[in-house]
Amino acid sequence: MVDLKQMERVGIQLVRPDGHLTETGRDVWERMPEDRKRAFYQWMVQVRLFDRRSVTLQRQGRIGTYAPMEGQEAAQVGSALALGKEDWIFPSYREHGVAMVAGMPLDRILLYWMGRVEGNRAPEGVRVLPPYVPIATQIPQAMGAAWAAKMKREPSVAVAYFGDGATSEGDFHEACNFAGVFRLPVVFFCQNNHYAISVPFSRQSAVPTVAERASAYAIRGIQVDGNDVLAVYTAMEEAVRRGKNGEGATLIEAVTYRRGAHTTADDATRYREDSEVREWTEEKDPIARYERLLMEEGLLTPDRARKWEQRCRETVEAAVKEAEAAPAPPPSHLFAHVYKDLPPELVRQRRQLTGGDETHA
Amino acid sequence: MVDLKQMERVGIQLVRPDGHLTETGRDVWERMPEDRKRAFYQWMVQVRLFDRRSVTLQRQGRIGTYAPMEGQEAAQVGSALALGKEDWIFPSYREHGVAMVAGMPLDRILLYWMGRVEGNRAPEGVRVLPPYVPIATQIPQAMGAAWAAKMKREPSVAVAYFGDGATSEGDFHEACNFAGVFRLPVVFFCQNNHYAISVPFSRQSAVPTVAERASAYAIRGIQVDGNDVLAVYTAMEEAVRRGKNGEGATLIEAVTYRRGAHTTADDATRYREDSEVREWTEEKDPIARYERLLMEEGLLTPDRARKWEQRCRETVEAAVKEAEAAPAPPPSHLFAHVYKDLPPELVRQRRQLTGGDETHA
Amino acid sequence: MPEMTLVQAINEGIRFSLELDPSVVVLGEDVGKNGGVFRTTEGLWDTFGDERVIDTPLAEAGIIGASIGMAVNGLRPIAEIQFMGFIYPGFEQIVTHAARLRTRTQGQYPASLVVRVPYGGGIRAPELHSDSTESLFVHIPGLKVVVPSTPYDAKGLLLAAVRDPDPVIYLEPMKIYRAFRGEVPDREYEVPLGCARQVREGEDVTLIAWGAMVPLAEQAARILAKKGISCDLIDLRSLYPLDEKTIIGSVKKTGRAVIVHEAPKTAGLGAELTALIDEHAFLWLEAPVTRVTGFDVPVPMFALEDDFRPNLCRIEEAVDQVINF
Amino acid sequence: MPEMTLVQAINEGIRFSLELDPSVVVLGEDVGKNGGVFRTTEGLWDTFGDERVIDTPLAEAGIIGASIGMAVNGLRPIAEIQFMGFIYPGFEQIVTHAARLRTRTQGQYPASLVVRVPYGGGIRAPELHSDSTESLFVHIPGLKVVVPSTPYDAKGLLLAAVRDPDPVIYLEPMKIYRAFRGEVPDREYEVPLGCARQVREGEDVTLIAWGAMVPLAEQAARILAKKGISCDLIDLRSLYPLDEKTIIGSVKKTGRAVIVHEAPKTAGLGAELTALIDEHAFLWLEAPVTRVTGFDVPVPMFALEDDFRPNLCRIEEAVDQVINF
Ligand SMILES: Cc1ncc(C[n+]2csc(CCOP(=O)(O)OP(=O)(O)O)c2C)c(N)n1
Ligand SMILES: Cc1ncc(C[n+]2csc(CCOP(=O)(O)OP(=O)(O)O)c2C)c(N)n1
Ligand SMILES: [Mg+2]
Ligand SMILES: [Mg+2]
């Protein structure tokens with residue numbers, strides 16, 4: 001295994017922005033199965049196309065406000081591919097890539113952004129919680145899920161996904177602290193995309209990295225190049241291994257960038273320089289870099305790339321169709337899952353809503 | 001000035017438990033005015049006698065549940081004596097020593113523990129807020145007061161006093177983080193007395209010191225021997241100087257011990273070993289150590305010590321008398337300060353309580 | 001049948017829960033070695049060990065957030081918050097997540113957990129230890145809120161709450177933790193959530209109370225009985241869901257209602273009860289529903305707490321008022 | 001007189017406050033360079049600089065705690081919480097401290113500050129962005145709670161709130177941020193806290209609403225007028241303190257009341273209003289006070305939000321009901 005300890009705090013990079021492997025990167029690469037190498041690429045492309053399509057759907061008024069994640073594909077795909085079915089994912093609202101890789105059907109993700117609560121529910125066996133909108137609140141919960149796994153002696157980790165802004169919330173602190181004290185198998189995966197809406201990370205934190213905050217909790221802290229899918233995967237794999245081995249929690253900071261606006265309701269030009277966006281888009285793109293590597297390594301050709309893109313587009317289109325065709329539940333669905341059994345006042349309210357039509361939703 | 005930077009993380013000690021000065025301690029001592037040297041002693045004795053008397057008063061049913069602080073005199077007196085009238089104090093419920101030194105009359109402190117809200121109000125010019133009972137909530141507020149001072153270009157710091165347990169709360173994190181980001185003139189003064197009620201610090205934090213948490217916020221962190229009044233004073237003086245100089249916040253961890261129970265309602269034998277208590281009482285007592293130093297330095301004689309003790313007892317007795325004689329406000333006092341002007345419903349409620357007697361409280 | 005205090009009965013309830021269901025865990029500040037600051041968890045740490053009775057760091061959002069995560073992953077947490085005045089740091093986790101997770105996940109993760117919270121005043125506790133903000137939780141759809149006022153109910157409600165599929169806020173009236181003893185069966189039994197307890201039957205006026213206000217209302221009812229006024233006294237037990245049938249039925253019988261609670265009046269639970277009665281028994285009402293409550297002031301420090309809290313005199317006055325309206 | 005939207009009027013109110021009083025500061029997430037996610041603070045950062053219009057880290061307890069400390073040390077903070085659903089991490093600071101500091105310090109530190117909070121639904125916002133939990137704050141003694149529903153009131157209430165000696169929760173109904181324009185004087189003026197606005201005079205039924213429910217109730221009143229039912233419509237504006245005189249006076253006139261709010265019904269502010277009316281106008285009531293509210297379910301995601309929220313039809317039905325009781 002790669003000795004990540006050495007690389008802590010400096011930011012791990014295995015694939016350079018120009019697509020070349022670092023020395024350690026080469027080691028990792030040699031030992032990596034080919035289908036995994038392909039999977040990185042395939043998922044990243046799929047995620048990006050899904051994301052772009054979603055932005056368009058929002059513009060067309062076919063879904064509601066949407067949180068784009070373009071630019072963060074490596075961080076999401078790389079980390080999610082290191083997880084097993086037994087692991088828990090507590091995502092924020094920007095983790096469509098993670099959710100997809102973990103087995104969340106694309107149409108459900110779309111349903112969520114259509115304002116449909118059914119989009120929150122993962123299929124059986126997919127341990128993805130719904131998006132957590134109130135910042136940082138998922139972090140203590142992931143910690144608790146990890147704690148339960150530890151108590152039940154189940155080899156599984158729980159991962160909390162969150163942004164750089166989330167590290168300012170008390171919930172982040174409390175969760176990290178519990179994780180340290182109880183040595184819990186939890187991974188705190190922070191995508192530092194440099195902004196919390198308009199607020200730059202420098203106004204979020206006086207220390208330059210998220211990773212170094214780990215030292216306040218005696219948990220492992222690692223900073224990785226979040227646009228390097230190989231590095232992210234490797235860091236996550238190690239964190240998962242440590243968690244399952246009883247070595248406790250890891251805080252991973254994946255340094256990345258969201259290319260687009262915070263959400264489709266946001267205007268990022270108000271607070272970001274064009275040049276900055278350009279730099280991240282043109283020089284540090286996670287997919288371009290990896291594509292170059294694959295081509296150089298002979299695992300991808302322009303033709304196969306085009307074909308894959310085509311296939312992804314079809315997958316996404318099918319999902320859009322499915323989501324749009326999903327029959328809307330009746331208004332009484334409001335009452336469907338509030339309690340296991342409805343109290344009398346709620347029965348009355350449901351009747352009021354349905355005008356007496358008591359069919360269950 | 002002593003170079004505190006060097007001593008960070010190791011715990012500053014200037015007076016050894018046996019009452020001898022360390023080398024640096026000697027430097028500090030030589031430059032310290034005599035009245036200050038006496039003040040340390042005088043206040044510590046006064047504080048301890050007040051504290052013991054309060055415990056007795058509680059046993060006699062003359063005050064309510066009380067939070068004793070015996071053992072923490074050096075931490076409280078040393079830190080408070082380093083503050084000026086322009087500085088703000090946001091204390092917890094155990095900071096009677098701090099409050100006294102800052103100018104809070106003893107009878108008001110007693111009134112507070114008699115369940116009388118009038119005990120909360122500091123005299124004009126004494127910038128001591130009421131005790132903060134919900135753990136850690138005073139920390140963001142001290143940070144805000146410091147921020148205001150900075151904006152108003154006033155050379156003043158705000159000090160948040162809190163315990164080791166408080167460092168687990170989100171409020172601690174958020175306040176430290178703001179302080180780092182905005183470089184605020186605030187001092188986070190943590191008395192690590194090893195327990196949060198029954199919970200030992202090892203269950204509160206996986207890192208062995210509170211001070212090292214400062215590094216997560218790019219603020220200065222110092223660990224001092226909290227039973228060494230000279231060290232505490234010196235650390236606090238430096239933190240105040242830095243704050244007023246625009247150098248930002250300091251987190252001071254004063255390592256100390258509460259000899260008694262958490263409150264008079266607590267039974268500390270349930271969770272602490274006798275031997276541990278004995279060690280702190282017999283070997284590390286803050287007053288004994290300093291008394292020895294003063295005697296050796298020729299600044300104190302047993303006779304003067306007795307006289308001072310006598311005087312303190314009288315002061316405390318006078319305060320007890322005054323507090324017990326303080327006329328109880330009428331029930332309508334409940335309504336006296338809820339709003340600047342009472343809304344109609346509250347006027348009605350007050351009338352209901354007083355049976356129509358509308359005299360203002 | 002053994003006689004116990006409320007505290008002992010709660011302890012029994014927790015002990016039974018731990019014994020009966022290996023997925024039950026207890027967590028909170030000082031609940032372990034110390035047995036809880038009120039001794040509610042006394043002896044449990046010794047019996048069930050550090051992994052099932054857990055002293056946590058001092059962080060309420062952490063405690064409740066962790067509990068939700070545990071519930072998601074198959075445990076049944078009983079979280080303790082030391083006093084109601086200290087639940088607010090965990091408020092977001094309760095309101096935003098515990099209450100909504102069942103809906104948000106369409107039944108997949110129902111956040112079945114119990115949050116135990118000592119509440120209310122009357123014990124000369126230090127400042128800020130005497131809050132009674134039950135109505136905040138009653139307003140949040142997805143939560144259930146219960147309060148025992150007898151040792152029997154304390155154990156039975158606790159066992160029911162732990163098994164309840166929904167998140168339950170279990171409030172413990174500190175004032176009567178040790179005020180009296182009552183019979184508590186030494187076996188497993190449940191007091192179902194959502195059911196009030198008819199404490200006393202009467203014809204002239206309905207008295208509604210819960211927690212520490214129940215013995216007070218009982219005393220008032222006894223005094224009033226001597227004056228020839230008979231009270232129908234209801235101990236709500238379940239603040240959400242409300243036992244509408246018992247409440248409305250009683251008011252239809254008596255035509256008058258007095259509600260007694262410790263919390264401030266404005267937007268307290270008394271308001272909801274009044275509105276409920278108004279909605280369902282309007283034509284039966286002979287007088288306005290009257291609330292005897294804490295005043296609309298911050299819960300005072302203890303020197304004035306007796307003036308703040310409902311007392312016999314205020315209850316009698318209110319009953320007089322509705323009778324002679 | 002210039003015509004503005006509600007958002008613009010709030011912006012004006014903040015701008016005036018900053019200009020008139022050098023101790024006023026604005027702080028919150030994205031309030032600076034970005035001008036607020038709703039553009040409520042647009043342009044203020046450019047004008048008043050980074051020290052008076054402050055982008056803070058993402059931490060609500062920090063924001064509100066800092067504001068309290070600032071108020072203690074002589075500033076007048078206007079804190080922004082981005083959405084009501086995100087105020088809960090700061091709940092403890094509001095409930096335990098802002099609300100009680102005047103009492104606790106016997107008038108020495110009154111915590112004079114304003115917390116601005118966009119609230120309510122109806123704009124197809126993402127999940128958990130549409131809470132309307134005003135009653136939680138109304139229940140806490142020591143706080144004031146206001147909601148404008150017109151641009152005129154928005155500016156006037158804001159100026160009044162900033163100068164008010166007590167802590168004020170200033171709620172902003174997002175749905176009508178830009179729904180219409182209204183005249184807003186280009187000068188300093190205050191709309192006093194504690195006073196309702198009589199929107200429309202009528203004889204048959206009292207309609208009580210606030211925030212985004214006001215235009216809806218107005219519309220209902222217009223429709224009902226055509227059916228020959230005349231509504232006395234009250235825009236509360238001040239949720240605490242309540243303008244009892246206006247409310248009670250109206251109900252005494254009409255004998256009937258319908259309350260409209262977005263929040264869930266149980267223990268919502270409608271309950272308090274019902275109880276208040278019951279208490280003071282019992283003998284005038286011809287029908288139960290009726291509540292048209294959000295249902296007692298977690299505020300839904302937007303696909304079902306129209307079904308959750310009060311609508312014209314439900315208001316008309318309720319009025320019909322109380323008229324034909
Ligand atoms: C508790 C809370 N406060 C405020 C918000 C509003 N808000 C939504 S996203 C966001 C910024 C989050 O930034 P970050 O954590 O860096 O994640 P990113 O959006 O960059 O992925 C804010 C302030 C919220 N959702 N929850
Ligand atoms: C938010 C909150 N949670 C719980 C409590 C109950 N409580 C009072 S003191 C205390 C322990 C505090 O320990 P520490 O911070 O170390 O201070 P110490 O008492 O040792 O001075 C606890 C848990 C409280 N007051 N506030
Ligand atoms: Mg970010
Ligand atoms: Mg301590």
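The sequence lines fix the lettering, A, B, ..., with proteins before strands; numbering per chain opens at 1. Keep in mind it's a predicted model, so treat the numbers as computed, not measured.
Ring geometry for B:Trp147 against B:Phe178 counts as perpendicular: the plane angle is over 60°, on a 0 to 90° scale with 30° as the lower cut. Taking the six-membered ring where tryptophan is involved, the planes of B:Trp88 and B:Phe90 are tilted, since the angle between them lies from 30° to 60°.
For the pair D:Asp235 (side chain) and D:Ala196 (backbone), a donor-acceptor distance under 3.5 Å is absent. A distance-only check finds a donor-acceptor pair linking the side chain of D:Thr254 to the backbone of D:Ser250 [under 3.5 Å]. Without hydrogens or angle criteria, D:Asp55 side chain to D:Asp30 main chain gives a donor-acceptor distance under 3.5 Å.
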Evaluate B:Arg153 against D:Glu51 for salt bridge (charged side-chain N to carboxylate O under 4.0 Å, His left out), listing each step before the verdict.
CA-CA 12 Å; B:Arg153 313 279 187 272; D:Glu51 261 211 346; 3.3 Å; yes
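Ranked by heavy-atom pairs under 4.5 Å with chain B, the first of D:Gly107, D:Pro241, D:Pro110 is D:Gly107. Chain D forms more heavy-atom pairs under 4.5 Å with one residue of B:Pro131, B:Gly170, B:Ala146, B:Ser156 than with any other, namely B:Pro131. With chain B as partner, the option from D:Leu242, D:Ile54, D:Val25 having the largest number of non-hydrogen pairs under 4.5 angstrom is D:Ile54. Taking D:Gln93, D:Gln108, D:Arg52 one by one and counting their heavy-atom pairs under 4.5 Å with chain B, the maximum is reached by D:Gln108. In terms of heavy-atom pairs under 4.5 Å with chain D, the best-connected choice from B:Pro140, B:Pro344, B:Ala158 is B:Pro140. Contacts with chain D were tallied for B:Val181, B:Leu346, B:Asn120; B:Asn120 has the most, counting heavy-atom pairs under 4.5 Å. Each of B:Val133, B:Leu129, B:Asp341, B:Asn177 has some count of heavy-atom pairs under 4.5 Å with chain D, and the biggest count is that of B:Leu129. Of the listed residues D:Pro89, D:Pro22, D:Ala59, the one with more heavy-atom pairs under 4.5 angstrom with chain B than any other is D:Ala59. The candidate with the highest count of non-hydrogen atom pairs below 4.5 Å against chain B, out of D:Asp164, D:Leu101, D:Thr103, is D:Thr103. Ranking D:Leu58, D:Asp243, D:Val72, D:Asp166 against chain B, the residue ahead of the rest is D:Asp166, based on heavy-atom pairs under 4.5 Å. Between chain D and the options B:Lys150, B:Glu174, B:Arg121, the largest number of non-hydrogen pairs under 4.5 Å is found for B:Arg121. Counting heavy-atom pairs closer than 4.5 Å to chain D, the top residue among B:Pro134, B:Ala142, B:Ala175 is B:Pro134.
Of the atoms belonging to B:Leu184, not a single heavy atom falls under 4.5 Å from chain D. Looking at D:Ser112, there are no atoms closer than 4.5 Å to chain B (heavy atoms on both sides), in backbone or side chain. The part of D:Thr96 that comes within reach of chain B is its side chain, from C-beta onward, which places non-hydrogen atoms under 4.5 angstrom from that chain. Contact of B:Ile139 with chain D is not made at all, since no heavy-atom distance falls under 4.5 Å. For chain D, the nearby parts of B:Glu118 are the backbone and the side chain; heavy atoms of each come within less than 4.5 Å. For B:Phe182, the part lying near chain D is the side chain, with the backbone staying farther off; criterion is any non-hydrogen pair under 4.5 Å. Within the 4.5 angstrom heavy-atom criterion, atoms from both the backbone and the side chain of B:Ala149 approach chain D.
The residues D:Glu244 and B:Arg348 are annotated as salt-bridged, a charged nitrogen and a carboxylate oxygen being separated by less than 4.0 angstrom. Salt bridge annotation for B:Asp87-B:Arg127: absent, with no cationic side-chain nitrogen under 4.0 angstrom from a carboxylate oxygen. We find that B:Glu247 and B:Arg183 are not joined by a salt bridge, their nearest charged nitrogen and carboxylate oxygen being 4.0 Å or further apart. Salt bridge annotation for B:Arg108-B:Glu322: absent, with no cationic side-chain nitrogen under 4.0 angstrom from a carboxylate oxygen.
Checked against the 6.0 Å centroid threshold, D:Phe137 and D:Phe91 count as a close aromatic pair.
B:Ser215 and B:Glu212 share no donor-acceptor pair across their side chains, judged by distance under 3.5 Å alone.
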